[in-house]
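What you see is a predicted model; the values in this text were computed from it and never measured. Below, read A as the first sequence line, B as the second, and so on, with proteins coming before strands; counting in each chain starts at 1.
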Amino acid sequence: MDAGSLYREQQELAKKAILIDSFGQVKRIGGADCSYLDDELVIGGLVVLDYEGLKPVYRTFSVQRLAFPYVPGLLAYREAGALMEAVQEAKVGFDVLMVDGFGANHPRRCGIATHIGVKLDVPAIGVGKSFLCGEIKGEYVYQDGERVAKMLYPKGLKRPIYVSPGHRISLETAAGIVLVSIKKGRLPEPLRLAHEYVTQLKKIIVHPFKE
DNA sequence: GCGACAG
DNA sequence: ATCTTGTCGC
């Protein structure tokens, strides 16, 4: 599987991405993040929280064999599998999913949030922790003259987080949801808790097998 | 050719 | 992502 065919798949997925709100009242929101056990195993974790109160109500995970290296622009082919499996195994649903990474703000408009959102047909928001691509103008990132991400400065920090729509949601709605979800730290609760979750899982899984 | 490059 | 102590700031 060469990069060319993967690029083409991303362009196809990007065409299917709906960047306007198409979901009802948000009752529960999910957060997905990954952690690496070693050079060949990834843990994809999902945390579902009650949107009001932002308290976790469910967690689940999936461990998969890494079948692809980290290549900028192709992150989904390394982490999306484990994250999607965790989402599909979940016994508690959510109305919107927040993913660690980008959505429409991507070289081919198909970041991991778009990839997962379109493939599972779930509303998805991408939240990146560092710049990927595009032109920064004010509080927005543009690509080909189109707004693809909004920068937010949690706690007035210098380093912004980049919010971009993945699927079935608009940029402004996505940014609004991320903004109200920030309570502690730099990341919104769904992602902060998902990251904390997979980090803890890694510890209790690696310990018994090491030393 | 050179620089940039999510997690 | 991951390896890690002390350290700066609210």
For a 4.5 angstrom cut-off between non-hydrogen side-chain atoms, does [X] reach [Y]?
| X | Y | value |
| --- | --- | --- |
| A:D100 | A:C34 | no |
| A:H167 | A:T114 | no |
| A:S62 | A:E89 | no |
| A:L97 | A:L46 | yes |

For [X] and [N], what is the distance between atoms [atom1] and [atom2] respectively, to the nearest whole Å?
| X | N | atom1 | atom2 | value |
| --- | --- | --- | --- | --- |
| A:I112 | B:dG7 | CD1 | C1' | 8 Å |
| A:N105 | B:dC5 | CG | C1' | 12 Å |
| A:D38 | C:dT2 | CG | C1' | 12 Å |
| A:K203 | C:dT2 | NZ | P | 11 Å |
| A:Q143 | B:dA6 | CD | C1' | 12 Å |
| A:R108 | B:dA4 | CZ | P | 19 Å |
| A:L191 | C:dA1 | CG | C1' | 15 Å |
| A:L132 | B:dA6 | CG | P | 6 Å |

If you compare every side-chain N and O of [X] against the phosphate oxygens of [N] (OP1, OP2), does one of them come in below 4.0 Å?
| X | N | value |
| --- | --- | --- |
| A:Y70 | B:dA6 | yes |
| A:S130 | B:dG7 | yes |
| A:H106 | B:dC5 | no |

Expected string for nucleotides 5-10 of chain C under the B/S/- scheme (protein heavy atoms, under 4.0 Å, primed atoms plus P, OP1, OP2 as sugar-phosphate) is ------
For the side chain of [X], starting at C-beta, report the closest nucleotide among [options].
| X | options | answer |
| --- | --- | --- |
| A:K202 | B:dA6, C:dA1, C:dT2 | C:dT2 |
| A:P72 | C:dA1, B:dC5, B:dG7 | B:dC5 |
| A:Y36 | B:dA6, B:dC5, C:dA1 | C:dA1 |

Under 4.0 Å, counting only non-hydrogen atoms across every strand here, what does [X] touch: a base, just sugar-phosphate, or nothing?
| X | value |
| --- | --- |
| A:H195 | sugar-phosphate |
| A:G126 | nothing |
| A:L74 | base |
| A:F131 | sugar-phosphate |
| A:G111 | base |

Would you call the rings of A:H115 and A:Y77 parallel, tilted or perpendicular, where under 30° means parallel and over 60° means perpendicular?
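A:H115 and A:Y77: perpendicular rings.
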Aromatic rings A:F102 and A:Y162: how do their planes relate, parallel, tilted or perpendicular, breaks at 30° and 60°?
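Answer is tilted, since the angle falls between 30° and 60°.
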Applying side-chain contact (heavy atoms from CB on, under 4.5 Å), run through A:K203 and A:Q200 and close with a yes or a no.
CA-CA 5 Å; A:K203 293 182 180 179; A:Q200 293 311 309; 4.0 Å; yes
Applying a 3.5 angstrom cut-off to the pairing atoms, does DNA chain C sit in any stems of at least three consecutive Watson-Crick or G-U pairs? List them by first number.
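Counting only runs of 3 or more consecutive pairs, none involve DNA chain C.
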How far does CG of A:N105 sit from OH of A:Y140, to the nearest 0.5 angstrom?
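Interatomic distance, A:N105 CG to A:Y140 OH, rounded to 0.5 Å: 13.5 Å.
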Testing the basics here: between A:L13 and A:C110, what is the closest heavy-atom pair and its distance to 0.1 Å?
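Closest heavy-atom pair between A:L13 and A:C110: CB-SG, 3.7 Å.
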Over 12 foreign heavy atoms within 6.0 Å of NZ, A:K91:
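Not more than 12 within 6.0 Å, no.
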